[in-house]
There are 2 protein chains.
Amino acid sequence: MGRRERKKAATRQALADAALRLFLDRGFDQVSVRDIAEAADVSTTTVFKHFPSKEALLFDLDSDREAALIAAVRDRPEGMSVPRALCEHTLRMHSDGTDDPEMARFVELTESTPGLREYGRRMLMRHEAALAAAIAETTGVPADDPGCAALAHFALETVGFARGRADARRSIEAAFALLEHGWPAAGQR
Amino acid sequence: MGRRERKKAATRQALADAALRLFLDRGFDQVSVRDIAEAADVSTTTVFKHFPSKEALLFDLDSDREAALIAAVRDRPEGMSVPRALCEHTLRMHSDGTDDPEMARFVELTESTPGLREYGRRMLMRHEAALAAAIAETTGVPADDPGCAALAHFALETVGFARGRADARRSIEAAFALLEHGWPAAGQR
DNA sequence: TTGAAAAGTTGAGTCGTTGCACTTTTTTAG
DNA sequence: CTAAAAAAGTGCAACGACTCAACTTTTCAA
């Protein structure tokens, strides 16, 4: 890697670090892009050469998420259903956000700012097609099967559903119970 | 109704009309709020006294939607399941958008602009709580039952899912089939 | 060494949106 | 009925996110 790319990476990292620090300190809306640029000692325009938007400064670590999602489906234990595997994966991701206090503050920031909620949701939904393809593959149906796409969409949407509900874990489980067993018929209630 | 309110209503209508005309003509992003204000012969500030955002200029008619949604659940034929009723209602709403050519252009506009898609989705999702309550009522469970909330959320989310897919009707039906019967067990495939 | 491409930086500008001040209308008090 | 005060409408100027067109610097091959 040449000197140039190293410097570019350093600037990028400095921007992401400064942004995270300022956001956690003052809140997303109380920090302007100018502030971040100044803290990293570059001009505001330069910020947008490295990141497509103000929100993107926070979601710099987006990789691996898709891979973990696909793996949860593909490498699930023998005999476990796809919705069940996705449920457990979602619960696992969710508890990751409440263990580490550093991470907890980050999660709290993203969930309390409407703009960041939307952005996070869109980031997550970009994996819909890949997840649908993985589901189709393990169940042996055509890759564009609408049922697989629907399951993928709803499974990803579940975190958005649980957000803001009183008992998040119970909401996640209820959502996946619906996806796995369907709406209970009139007699079974 | 006094003269003042009449004038206010007239200005509001003029703004909504001018906005719709310009948006259909040039596209949402190619029209600035200043253009709309000028077309209605007011200042840009006045626009935001009547509408909370640029997007709101298009979604002026949002009422009745929630009422129709609730009615579809509450007044469904004897013996019809809740997901089935919601499926038919969703399909009915969807075909409304493709019949009338005027409406078709409107739908095409809202679906082709990312900002408008998000806004429309949020408008729709505001009905989640009311729909969940209606579902809970007809099935005789506590109003805050997470299963009902999940069904409400996913049913509303279905239009967002079908959007942008090749065969929208088939996608809607597949989504509701999943919600009604659940993910088919390994043997049934 | 040189010269052109790639990348970084900048200042000026656009667009959505909001605070502050000003004008007009409606309501209230004398 | 009139004056004052409250309320509502309107516009100018400004802020913050983001883009564009130019300019400067860095890199690297010939």
Side-chain angles (χ1 to χ4, degrees), chain A residues 1-20 22-23 25-60 109-110 113-120 122-123, chain B residues 1-20 22-23 25-60 109-110 113-120 122-123:
Chain A
M1 185 192 283
R3 175 174 305 133
R4 195 193 192 108
E5 295 194 23
R6 247 181 298 133
K7 285 205 157 189
K8 180 174 178 177
T11 303
R12 184 192 172 86
Q13 193 61 42
L15 283 169
D17 289 349
L20 179 61
L22 290 172
F23 287 157
D25 205 36
R26 290 191 239 159
F28 187 76
D29 292 329
Q30 277 63 52
V31 177
S32 76
V33 176
R34 283 173 94 108
D35 295 337
I36 299 166
E38 215 159 303
D41 200 35
V42 296
S43 79
T44 62
T45 341
T46 302
V47 176
F48 292 102
K49 292 282 179 179
H50 290 269
F51 298 90
S53 70
K54 183 183 178 185
E55 288 86 358
L57 282 158
L58 252 186
F59 288 85
D60 201 11
L109 178 67
T110 64
T113 310
L116 287 177
R117 267 205 307 267
E118 288 291 332
Y119 191 84
R122 273 177 39 195
M123 286 283 99
Chain B
M1 185 191 282
R3 175 174 305 133
R4 196 194 191 105
E5 295 194 25
R6 246 180 300 134
K7 284 205 160 191
K8 182 174 178 177
T11 303
R12 185 192 172 86
Q13 194 60 42
L15 282 169
D17 290 349
L20 179 60
L22 289 173
F23 287 157
D25 204 36
R26 291 190 237 158
F28 187 76
D29 292 329
Q30 278 64 52
V31 176
S32 78
V33 176
R34 288 167 172 85
D35 294 338
I36 299 166
E38 213 159 308
D41 200 32
V42 295
S43 83
T44 62
T45 322
T46 302
V47 176
F48 290 101
K49 294 286 177 175
H50 289 269
F51 299 90
S53 69
K54 183 183 178 186
E55 288 85 359
L57 282 158
L58 253 185
F59 288 86
D60 202 11
L109 178 67
T110 66
T113 309
L116 287 177
R117 267 204 307 266
E118 288 292 333
Y119 190 84
R122 273 176 42 195
M123 286 282 99

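Letters A, B, ... are given to chains in the order of the sequence lines, protein chains preceding strands, and every chain is numbered from 1.
- Residues forming a side chain to side chain contact (heavy atoms under 4.5 Å, CB included) with A:Ser43 (at least two apart in sequence, or on another chain): A:Thr45, A:Thr46.
- A heavy atom closer than 4.0 Å to some atom of DNA chain D occurs in no member of residues 11-20 of chain A.
- Checked against salt bridge (charged side-chain N to carboxylate O under 4.0 Å, His left out), A:Arg117 has no partners two or more places apart in sequence or in another chain.
- Atoms CG (A:Leu57) and P (D:dA17) sit 10 Å apart, rounded to a whole Å.
- Under the side chain to side chain contact (heavy atoms under 4.5 Å, CB included) criterion, A:Ala39 pairs with A:Ala18, A:Arg21, A:Leu22, sequence neighbours left out.
- Contact check for A:Tyr119 versus A:Thr110: no side-chain heavy atoms found under the 4.5 Å cut-off.
- Taking atom CZ of A:Phe48 as the reference point, atom P of C:dG11 lies 16 Å away to the nearest angstrom.
- For A:Leu116 and D:dA17, the CG to C1' distance is 14 Å, given to the nearest whole Å.
- Here B:Leu15 pairs with B:Thr11, B:Ile36, B:Ala40, B:Val42, B:Val47, B:His50, B:Phe51, B:Leu57 under the side chain to side chain contact (heavy atoms under 4.5 Å, CB included) rule; sequence neighbours left out.
- Residues in residues 33-58 of chain A take part in these salt bridge (Lys or Arg N to Asp or Glu O under 4.0 Å) pairs, two or more places apart or across chains: A:Arg26-A:Asp35.
- Under the rule for a side chain to side chain contact (heavy atoms under 4.5 Å, CB included), the partners of A:Phe48 that lie at least two apart in sequence or sit in another chain are A:Val33.
- For the pair A:Leu58 CG and D:dA17 P, the computed distance is 13 Å after rounding to whole Å.
- Overall bending of the helix from C:dT1-D:dA30 to C:dG30-D:dC1, expressed as the angle between end axes built from five pairs apiece, is 10° (10° steps).
- Across all strands, A:Thr44 comes closer than 4.0 Å to no nucleic acid atom at all (heavy-atom distances).
- In this structure, A:His50 atom NE2 and D:dC18 atom C1' are separated by 16 Å, rounded to whole Å.
- Atoms CG (A:Asp29) and C1' (D:dG16) sit 11 Å apart, rounded to a whole Å.
- Partners of A:Asp17 according to the salt bridge (charged side-chain N to carboxylate O under 4.0 Å, His left out) rule, which considers only residues two or more places apart in sequence or in another chain, do not exist here.
- Using a 4.0 Å cut-off on heavy atoms, none of the residues of residues 32-41 of chain A approach DNA chain C.
- Between the P atom of D:dG16 and the CD atom of A:Glu55 lies a distance of 16 Å, rounded to the nearest Å.
- Considering every non-hydrogen atom in both A:Leu109 and A:Phe28, the closest pair reads CD1-N, 4.0 Å.
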Kindly give the atom pairs (protein nitrogen or oxygen, nucleotide nitrogen or oxygen) under 3.5 Å for nucleotides 4-7 of chain C.
{"from": "C:dA6", "atom 1": "N3", "to": "A:Arg4", "atom 2": "NH2", "distance (Å)": "3.4"}
{"from": "C:dA7", "atom 1": "O4'", "to": "A:Arg4", "atom 2": "NE", "distance (Å)": "3.4"}
{"from": "C:dA7", "atom 1": "O4'", "to": "A:Arg4", "atom 2": "NH2", "distance (Å)": "2.4"}

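- B:Ser43 has no side-chain polar atom (N or O) that falls below the 4.0 Å cut-off from OP1 or OP2 of D:dT10.
- As a whole-Å value, the separation of A:Lys49 NZ from D:dT25 P is 17 Å.
- For A:Phe28 and B:Thr45, each mapped to the nucleotide of DNA chain D holding its nearest heavy atom, the one lying further toward the 5' end belongs to B:Thr45.
- Distance from the side chain of A:Val42 is smallest to C:dT9 among D:dT10, C:dT17, C:dT9.
- No contact: B:Val47 has no heavy atom under 4.0 Å from any strand.
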